[in-house]
Amino acid sequence: MRIFFSVAACACLLISSCSKKSSEVSVSGFTPLTTGTNWTYSLTQTPQMGAASTSTYKLTLTNRDTTINGNSGYKVVSNSAGPNIYLGLRNGEYYRVGLLSAIISGSFEELYLKDNITAASTWQQSTTISANGTPVALTLAYKIGEIGITKTVAGKAYNNVSEVKLDVNGNFSGFGLSIGTGSFYYAQGIGLISYDLTINTLPGLIGFTQKAEIQSYEIK
């Protein structure tokens, strides 16, 4: 089962270097939303039982917008490996629909990043999923790690990179569960350049890890 851009719809990885800048930097302008902008990624997924698989996919911003949960202005992003995903920007907050769809079904609007962040900035979101017919209340907790760093991905150095850490926890039949963890890296003016994600085995879901890294991009 794939997440990111290859299952029902948007997250380090083969990284050779990473250098810090000031943790007090405030940065913004992460993801371009211009028609024709595109990103190509490699994705390696390893189930908890089974062999790893690697694939490559391309995401392209179309000239179409859509409304999700009453919120307009979502950009439709075509995906060479599966269903469209959707990206939006409202009041300096970056949203996407589709990144976590292997564990969160429906049109969950993930607030994945904010402008003008500083180190240790945090925010949370809540939703409910069904695991074999039993509701599971999820809490998605985000925390800014390093910001303003230089990170090398697939042999290319990217500047002004910020890290977002994610912890997904749930409550299943009165028991607290760790659903998964992830680290996502965004380059200012480019967008997501790499991520790793671990999802634990749940009722009806086999756990897996994913590692992705950007191979090329065009900003229009």
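Numbering of residues begins at 1 and proceeds along the displayed sequence. Keep in mind it's a predicted model, so treat the numbers as computed, not measured.
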- Donor-acceptor under 3.5 Å (W39 side chain, I190 main chain): yes
- Message: Could you walk me through whether I193 and V161 satisfy the side-chain contact (heavy atoms from CB on, under 4.5 Å) test, starting with their C-alpha distance in whole Å, then the side-chain angles of each, then the deciding distance to 0.1 Å, before giving a yes or no?
- Response: CA-CA 9 Å; I193 59 169; V161 173; 3.9 Å; yes
- Query: How close do N200 and Q48 get, heavy atom to heavy atom, and via which atoms?
  - Reply: CA-NE2, 4.0 Å
- Rounded to the nearest 0.5 Å, what separation is found between the CG atom of L197 and the CD atom of Q45? 9.0 Å
- Under 3.5 Å, is there a donor-acceptor pair linking the side chains of Q215 and S42? yes
- Message: Between E109 and N69, is the side chain to side chain donor-acceptor pair (under 3.5 Å) condition met? List the steps.
- Response: CA-CA 8 Å; E109 297 178 85; N69 297 333; 3.1 Å; yes
- Message: Working to the nearest 0.5 angstrom, can you tell me the gap between Q124 CD and L140 CG?
- Response: 9.0 Å
- Task: Could you give me the CA-CA distance, side-chain angles and deciding distance for E110 and Y142, then say whether side chain to side chain donor-acceptor pair (under 3.5 Å) is met?
- Result: CA-CA 11 Å; E110 183 195 2; Y142 300 82; 2.9 Å; yes
- Task: Check K165 against G145 and note the closest heavy-atom contact, atom names and distance.
- Result: CE-CA, 4.3 Å
- Message: Measuring from atom OG1 of T128 to atom CZ of F108, what distance do you get when rounded to the nearest 0.5 angstrom?
- Response: 10.0 Å
- Specify the closest pair of heavy atoms between E213 and A154, including all atoms of both residues, with the distance to one decimal. OE1-N, 3.3 Å
- Message: With a 3.5 Å distance limit and no angle check, can you tell me whether T37 reaches the backbone of K220 through a side-chain donor-acceptor pair?
- Response: yes
- Taking the six-membered ring of Y185 as reference, does the NZ or CZ atom of K151 fall below 6.0 Å from its centre and within a 45° cone about the axis? yes
- What pair of heavy atoms forms the shortest contact from Y57 to S80, and how long is it? CA-OG, 3.3 Å
- Task: Determine whether D196 and T209 make a side-chain contact, defined as any pair of heavy atoms from C-beta on separated by less than 4.5 Å.
- Result: no
- Message: Could you check whether any side-chain heavy atom of I129 comes within less than 4.5 Å of a side-chain heavy atom of L138, counting everything from C-beta outward?
- Response: yes
- Message: With a 4.5 Å cut-off on side-chain heavy atoms, are T40 and T56 touching?
- Response: yes
- Kindly compute the distance separating CZ (R96) from CG (L87), expressed to the nearest 0.5 Å. 8.0 Å
- Message: Between T31 and L33, is the side-chain contact (heavy atoms from CB on, under 4.5 Å) condition met? List the steps.
- Response: CA-CA 6 Å; T31 304; L33 296 176; 4.3 Å; yes
- Would you verify whether the NZ or CZ of R90 falls within 45 degrees of the ring axis of Y95 while also being under 6.0 Å from that six-membered ring's centre? yes
- Message: Whether the T181 and T198 side chains hold a donor-acceptor pair (N or O, under 3.5 Å, no angle test) is what I'd like checked.
- Response: no
- Do T150 and N160 have side chains that get closer than 4.5 Å, going by heavy atoms? no
- Taking the side chain from S162 and the backbone from I147, do they hold a donor-acceptor pair closer than 3.5 Å? no
- Task: Decide side chain to side chain donor-acceptor pair (under 3.5 Å) for T67 and S72; before the verdict, give the C-alpha distance in whole Å, the side-chain angles of both, and the deciding distance to 0.1 Å.
- Result: CA-CA 4 Å; T67 298; S72 61; 5.0 Å; no
- Task: Enter the distance from T46:OG1 to K211:NZ here, rounded to the nearest 0.5 Å.
- Result: 7.5 Å
- Query: Is the closest side-chain heavy-atom distance between Y158 and V153 below 4.5 Å?
  - Reply: yes
- Query: Will you find, in the side chains of T139 and N169, an N or O donor that is under 3.5 Å from an N or O acceptor?
  - Reply: no
- Task: Please assess T35 against L61 for the test side-chain contact (heavy atoms from CB on, under 4.5 Å), listing each intermediate value before the final yes or no.
- Result: CA-CA 5 Å; T35 299; L61 276 157; 5.6 Å; no
- Item | side-chain contact (heavy atoms from CB on, under 4.5 Å) between L59 and I85, worked out | CA-CA 9 Å; L59 304 177; I85 66 165; 4.1 Å; yes
- Hey, does F30 have a side-chain heavy atom less than 4.5 Å from the side chain of D115? yes
- Message: I need the minimum non-hydrogen distance between G189 and P32, along with the two atoms involved.
- Response: O-CG, 3.1 Å
- Side chains of S53 and T44: does their closest heavy-atom pair fall under 4.5 Å? no
- Compute the centroid of each ring, for Y112 and then for Y186, and state whether the two points are separated by less than 6.0 Å. yes
- Item | Interatomic spacing from OH in Y195 to OH in Y41 - rounded to 0.5 Å | 9.5 Å
- Query: So, do V77 and Y86 sit near enough that their side-chain heavy atoms are less than 4.5 Å apart?
  - Reply: no
- Query: Is there a donor-acceptor pair closer than 3.5 Å between any side-chain N or O of Q125 and the backbone N or O of A141?
  - Reply: no
